[in-house]
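First the structure, in the form of structure tokens, and then the observations on it.
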Amino acid sequence: MKNIQIKIYLMISLLGISLYSCIKNPTEHSNDYQGNFDALWNIIDTRYCYLEYKGIDWNYMYEKYNTQVNKQKTDMEFFDLLSNMLAELQDGHVNLYSSFNTSRYWNWYMDYPSNFDSDLIYSDKYLGTQYKIAGGFNYEKIDSGRIGYMYYGDFTAAFSNENIAYIFEYFKNCSGLIIDVRDNGGGSLDLSEQLASYFFSQTTHTGYICHKTGSGHSDFSKPSATNTMANVAVQWKKPVAILTNRMSFSATNDFVNRMKNAPKSIIIGDKTGGGGGMPFSSELPNGWMIRFSACPMFDLNMNHIEWGIDPDMFVNLDPNSNSDAIIDTAISQLK
């Protein structure tokens, strides 16, 4: 499997009452294995935003893993114990950082077909070798010049209105545009909103977000509307297809959620990988950092987007084919 970089963002959650008497305040935990275990458990219990939604009994997790704390003999073994407890959250946004390792949860995409082959998109049938590059986008006309194709693999790659204006000008005679965000593990939510803004003619309500208001598992603010602004300088007004797979995660997930509400847009491919929680970070007494989901995000119908977003058209790649069925389907839809 090719190497990938997964953007990870996390924030703080809640505190359970039943174990409050035996769990110290995070600022009072001792810097030993027990104190760091309690601090981590407490941070997730009071600040993580999906315990109730995912049906996770975090008190049970305390009992399950706390019995193993005093059996740890090395920092690495203790780190692995904490990592195993965090994996119970099933969240690609949850990571524990130490000077010697970073924990991660990858089953959100590893148990699914990749539905992406870079060799195919850089073949002569699609991008080829003479494609253009601007602002993180690799782009070229495909289908005998009738369709514009842009591959964007990283929402940390900044772009400007000028970049996009040049690209759209290059595609002005095309009947439609494909934006391929497969294998894009996320990055900046600001860039997600900026990219979506080129496909809206007016400010549009595209989702919701809630914020933690207390330490209880269900202590959230009323949903606040999230809007996608229209870019007044640059606009694409023809049909656009967004290509997705399970590794379309985090900020890419947010981009797809916005584009679900864009006029003349269609989402094609596989369900996105999710990552719908706004991230935040906290520190354990020993200096290790924990990042986690703190603010849940929703679609326009108040559905959580943590587990991913369904495409308008499900399409899988045939591993025995020399064509990309997802791109080919998008071409057919746009024409």
Side-chain angles (χ1 to χ4, degrees), residues 8-26 29 37-66 81-96 103-109 111 186 189 206-226 246 249-251 253-254 256-257 271-282 284 289-310:
I8 320 172
Y9 314 94
L10 311 118
M11 277 170 79
I12 305 188
S13 13
L14 359 151
L15 167 64
I17 297 175
S18 61
L19 291 179
Y20 185 79
S21 59
C22 65
I23 302 298
K24 298 178 182 180
N25 186 289
H29 292 304
F37 177 88
D38 288 352
L40 178 63
W41 183 91
N42 203 339
I43 288 170
I44 297 300
D45 187 54
T46 57
R47 302 174 182 181
Y48 182 71
C49 68
Y50 289 126
L51 290 177
E52 186 174 75
Y53 170 63
K54 294 181 178 180
I56 298 171
D57 187 341
W58 198 237
N59 291 342
Y60 168 75
M61 297 304 170
Y62 183 92
E63 298 171 0
K64 176 180 178 180
Y65 290 95
N66 185 53
L81 173 66
L82 298 186
S83 300
N84 291 337
M85 182 172 71
L86 292 174
E88 302 277 5
L89 301 175
Q90 303 177 55
D91 192 329
H93 267 163
V94 173
N95 296 84
L96 182 66
S103 73
R104 59 271 186 193
Y105 179 81
W106 285 351
N107 287 353
W108 52 268
Y109 76 89
D111 294 338
L189 288 175
T206 52
Y208 296 91
I209 188 171
C210 289
H211 301 276
K212 287 288 281 141
T213 58
S215 59
H217 293 180
S218 59
D219 290 344
F220 292 99
S221 66
K222 292 182 179 179
S224 299
T226 55
R246 283 296 295 180
F249 184 73
S250 191
N253 195 59
D254 176 72
V256 174
N257 186 51
K271 186 172 187 174
T272 62
M278 286 280 288
F280 200 74
S281 299
S282 189
L284 302 186
M289 298 298 298
I290 171 66
R291 300 205 302 172
F292 54 91
S293 304
C295 300
M297 300 173 70
F298 306 84
D299 66 13
L300 198 58
N301 297 313
M302 276 302 295
N303 298 311
H304 280 277
I305 60 173
E306 165 68 1
W307 294 125
I309 300 167
D310 288 335

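Since the structure is predicted, the reported quantities are computational estimates derived from the model, not experimental observations.
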What I'd like to find out is whether the side chain of His304 reaches to under 4.5 Å of the side chain of Pro296, using heavy atoms alone.
yes
Distance-only donor-acceptor check, side chains Asn303 and Asp299, under 3.5 Å:
yes
Which heavy atom of Lys212 sits nearest to which heavy atom of Ala294, and what is that distance?
CG-O, 3.6 Å
Run the side chain to side chain contact (heavy atoms under 4.5 Å, CB included) test on Tyr105 and Leu86 for me, step by step, so that the C-alpha distance in whole Å, both residues' side-chain angles and the decisive distance to 0.1 Å come before the verdict.
CA-CA 8 Å; Tyr105 179 81; Leu86 292 174; over 6 Å; no
Asn59 and Trp41, any side-chain heavy atoms less than 4.5 Å apart:
yes
Does the side chain of Asn257 reach to within under 4.5 Å of the side chain of Phe298, using non-hydrogen atoms?
no
Between Asn95 (side chain only) and Ser103 (backbone N and O only), is there a donor and an acceptor less than 3.5 Å apart?
yes
Test side-chain contact (heavy atoms from CB on, under 4.5 Å), reference Thr272, set Asp310, Asp254, Asn253, output is Asn253
Inter-residue atom distance Ile56.CD1 - Leu51.CG, 0.5 Å rounding
5.5 Å
Test side chain to side chain contact (heavy atoms under 4.5 Å, CB included) applied to His29 and Leu284, step by step:
CA-CA 9 Å; His29 292 304; Leu284 302 186; over 6 Å; no
Does some side-chain heavy atom of Asp111 sit less than 4.5 Å from a side-chain heavy atom of Arg246?
no
Value for NE2 (His217) from CG (Asp57), rounded to nearest 0.5 Å, stands at 9.0 Å
With no hydrogens and no angle check, is any side-chain donor or acceptor of Arg291 less than 3.5 Å from a backbone partner on Val94?
no
Quick one: does any side-chain atom of Tyr50 pair with a main-chain N or O of Gly277 as donor and acceptor, under 3.5 Å?
yes
If every non-hydrogen atom of Ala251 is compared with every non-hydrogen atom of Leu189, which pair is closest and at what distance?
CA-CD2, 3.9 Å
Grab the two heavy atoms, one from Glu306 and one from Gly276, that are nearest each other, plus how far apart they are.
OE1-N, 3.0 Å
Does the side chain of Met297 come within less than 4.5 Å of Thr226's, by heavy atoms?
no
Under 3.5 Å, is there a donor-acceptor pair between the side chain of Ser221 and the main chain of His211?
yes
Do Trp58 and Leu89 come within less than 4.5 Å of each other through their side chains, counting heavy atoms only?
yes
For Glu88 and Met61, the nearest pair of non-hydrogen atoms, with its separation, is OE1-CE, 3.5 Å
Closest non-hydrogen atom pair between Phe220 and Cys49, with its separation:
CZ-O, 3.4 Å
Got Ile44 and Met85 here, is their nearest side-chain heavy-atom distance under 4.5 Å?
no
Return the orientation label for the Phe249 and Trp108 ring planes: parallel under 30°, perpendicular over 60°, tilted otherwise.
parallel
Heavy-atom donor-acceptor pair, Ser282 side chain to Ile290 backbone, under 3.5 Å:
no
